[in-house]
Amino acid sequence: MPEGPSILLMKEELLPFAGQKIISVSGNARIELQWLQGKKLSEIKSLGKQLFLVCEVIVVRIHLLLFGSYSVNEKTKSDKSLRLCLQFKEGSIYFYTCSVKLHDLAFLDTLPWEADVLSDNWLPAQARKKLKALQNTMVCDALLNQDIFAGVGNIIKNEVLFRIGVHPESIVSELPDKKLTLLIKEARQYSFDFLNWKRDFVLKQHWLVHTRKTCPKCGTTLTKKYTGKTHRRSFFCTTDQQLYDKHN
DNA sequence: TGCCATGTTAAACT
DNA sequence: GAGTTTAACATGGC
């Protein structure tokens, strides 16, 4: 569920509830549920992997983490996993096993909206600037940095690096400018491809390297390795993805 | 059945 | 204090 495109799809599905009044609130999230009671769900926003339910002066931040899920109108999981349920006149929304936090409205102003790769607010120049400031950082870690590429997750990371022919352990500062441009461009482009494939339930079949065994380009065995400071799985082809480090 | 994974945060370390 | 590593959390698929 959890990469940026999936959150965007969730937002789309919840959009019909925007403008409606919250009739009742329940769930085991450790927040003051009663603050939401009777409030209007005035707006739904998203930034990367985070969803924001703006309820007049209070903002509910939902993050699905690794295992979170949601449902609309019908409760599909146990009480134990139900973190938050908002009931409206014409239906309900349910969030399970996710992080739920309350913030005031001003909190939204502190967020890096320009980092959201799927948003109209996306500023590639800003991403480039942040990348240029990185010292000794591997591209695999840079792509997962939510302050630079909000919404990019491990799948997108692996697929983007294969598309642009860059080894995940490459050092950002060693990338030629052309590659850096491509990296920034594909982080957004692949996220949109992910979004469309996910919407059509054909995402997995489009994975070229993620969880795959052989390189679709040259047929050699792909490498699977936990890379970078994030220690996340990387799938890559040592033939088709060039390593840029201080030695070459 | 045990392992592992589309993620993040906080505690525990050097 | 900084930068880092580890632990914790929790569910479903293979």
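Numbers restart at 1 for each chain; the letters A, B, ... are given by sequence-line order, proteins then strands.
- Within the nucleic acid shown, A:H231 has no heavy atom closer than 4.0 Å to any nucleic acid atom.
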What verdict does the side chain to side chain donor-acceptor pair (under 3.5 Å) test give for A:N154 and A:R233, after you've listed the backbone C-alpha separation in whole Å, the side-chain angles of each residue and the deciding distance to 0.1 Å?
CA-CA 7 Å; A:N154 205 38; A:R233 287 194 301 177; over 6 Å; no

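- Listed nucleotides: B:dT8, B:dA5, C:dA10. Nearest to the side chain of A:T97: C:dA10.
- Base pairing of C:dA10 is not made with any nucleotide, judged by Watson-Crick or G-U wobble geometry with both donor-acceptor distances under 3.5 Å.
- Summarising the geometry, the separation between CD1 on A:I155 and C1' on B:dA5 is reported as 9 Å, rounded to the nearest angstrom.
- Nucleic acid contact class of A:R61 (heavy atoms, under 4.0 Å, all strands): sugar-phosphate only.
- A straight line from CG of A:N154 to P of B:dA5 spans 9 Å, rounded to a whole angstrom.
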Decide salt bridge (Lys or Arg N to Asp or Glu O under 4.0 Å) for A:R163 and A:D240; before the verdict, give the C-alpha distance in whole Å, the side-chain angles of both, and the deciding distance to 0.1 Å.
CA-CA 9 Å; A:R163 273 193 178 181; A:D240 290 303; over 6 Å; no

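- Contact annotation: A:H210 side-chain N/O to B:dT6 OP1/OP2 distance is under 4.0 Å.
- Ranking B:dT9, C:dG12, B:dC4 by closeness to the A:K77 side chain, first place goes to C:dG12.
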Would you check, one step at a time, whether the test ring-ring contact (aromatic ring centres under 6.0 Å, His included) holds for A:Y244 with A:H167?
CA-CA 7 Å; A:Y244 298 91; A:H167 191 294; 9.7 Å; no

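- To the nearest angstrom, P of B:dA5 lies 12 Å from CH2 of A:W207.
- Between A:R83 and A:K204, the residue anchored nearer the 5' end of DNA chain C, judged by the nucleotide with its closest heavy atom, is A:R83.
- The separation between A:N136 atom CG and C:dA2 atom P is 20 Å, rounded to whole Å.
- A:R232 has no side-chain polar atom (N or O) that falls below the 4.0 Å cut-off from OP1 or OP2 of B:dA5.
- With rounding to whole Å, A:R30 atom CZ is found 10 Å from C:dC9 atom P.
- Contact between the side-chain N/O atoms of A:R233 and the OP1/OP2 oxygens of B:dC4 is not found at any separation under 4.0 Å.
- Heavy atoms from other residues, nucleotides or ligands lying under 6.0 Å from CH2 of A:W35 number 12 at most.
- Between atom CZ of residue A:F235 and atom OG1 of residue A:T211 there is a gap of 6.0 Å, rounded to the nearest 0.5 Å.
- Across B:dC3 and C:dA7, the matching P atoms stand 16 Å from one another, rounded to whole Å.
- Between A:K229 and A:S78, the residue whose closest nucleotide on DNA chain C is further toward the 5' end is A:K229.
- Not one side-chain nitrogen or oxygen of A:Y96 sits closer than 4.0 Å to the OP1 or OP2 atom of C:dG12.
- Going from atom CD of A:Q135 over to atom P of C:dT4 covers 12 Å, rounded to whole Å.
- Between A:F67 and A:K101, the residue anchored closer to the 5' end of DNA chain B is A:F67, taking for each the nucleotide with the nearest heavy atom.
- Within the 4.0 angstrom heavy-atom criterion, no nucleotide atom of any strand lies near A:S99.
- Per the geometry, CG belonging to A:L64 stands 15 Å off C1' belonging to B:dA5, to the nearest Å.
- The local environment of NZ in A:K185 is sparse, with at most 12 non-hydrogen atoms from other residues, nucleotides or ligands closer than 6.0 Å.
- We find that CG of A:L65 is positioned 11 Å from P of B:dA10, with the value rounded to whole Å.
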